[in-house]
Amino acid sequence: MTPSNWRQAMPSAEAYWMNRVLYDIHHVDSHLQRYKADPDAYMAEVPLAAAMKAAIRDNDIGAMYLAGVNPLLLRAHCLGLRISEAAFVASLRAVGQDSTGEVPHG
């Protein structure tokens, strides 16, 4: 059996750290408040590229999903920040479309 996460054959360190940030924000006391107060300061010591920190800060659900973030953590992030289900689903659908604008089925 090949180890995998939602998008990658082998989870990357980047996916791990993004998952870790989202988990901590929504499951460790006081982290959500610290994150909301200053997301950049909250993630300052996290070993992630600036683009990935920006995806978390800017709530770019599609980019986080493509980077390998667990969809359940993405959903928890949206719930914790009161991002609508419609926005969550639209972001995932946008990255799921191919060049013809069709959503692949499988």
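- One finds the CG atom of L72 at 12.5 Å from the OH atom of Y23 (value rounded to the nearest 0.5 Å).
- Residue pairs meeting the side chain to side chain donor-acceptor pair (under 3.5 Å) criterion with at least one partner in residues 42-54, sequence neighbours excluded, are H31-Y42.
- Judged as a side chain to side chain donor-acceptor pair (under 3.5 Å), and not counting sequence neighbours, the contacts of D40 are R57.
- Residues S91 and I61 share a closest heavy-atom pair of OG-CB, 3.4 Å.
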> Going through the distances and angles, do M64 and L73 end up as a side chain to side chain contact (heavy atoms under 4.5 Å, CB included)?
Replying inline: CA-CA 10 Å; M64 288 189 277; L73 289 174; over 6 Å; no
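- D58 places no side-chain N or O within 3.5 Å of a backbone atom of D60 that could act as its donor or acceptor partner.
- In this structure, CG on D29 lies 11.5 Å from CZ on R34, to the nearest 0.5 angstrom.
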> Between L32 and K36, does a side chain to side chain contact (heavy atoms under 4.5 Å, CB included) hold up when you go through it step by step?
Replying inline: CA-CA 6 Å; L32 181 59; K36 283 181 168 181; 4.1 Å; yes
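- Between W17 and the options V46, V69, I56, a side-chain contact (heavy atoms from CB on, under 4.5 Å) holds for only V46.
- Between A67 and S12 the shortest heavy-atom distance is O-OG, 4.3 Å.
- Scored by the ring pair (Phe, Tyr, Trp, His ring centres under 6.0 Å) test, Y16 finds no partners at all (sequence neighbours excluded).
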Please list, one pair per line, the donor and acceptor atoms closer than 3.5 Å that link side chains of residues 74-83 to other protein atoms, with sequence neighbours excluded.
| from | atom 1 | to | atom 2 | distance (Å) |
| --- | --- | --- | --- | --- |
| H77 | ND1 | H26 | NE2 | 2.8 |
| H77 | NE2 | N59 | OD1 | 2.8 |

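- Taking the side chain to side chain donor-acceptor pair (under 3.5 Å) definition, one finds that D24 meets it with R20, sequence neighbours left out.
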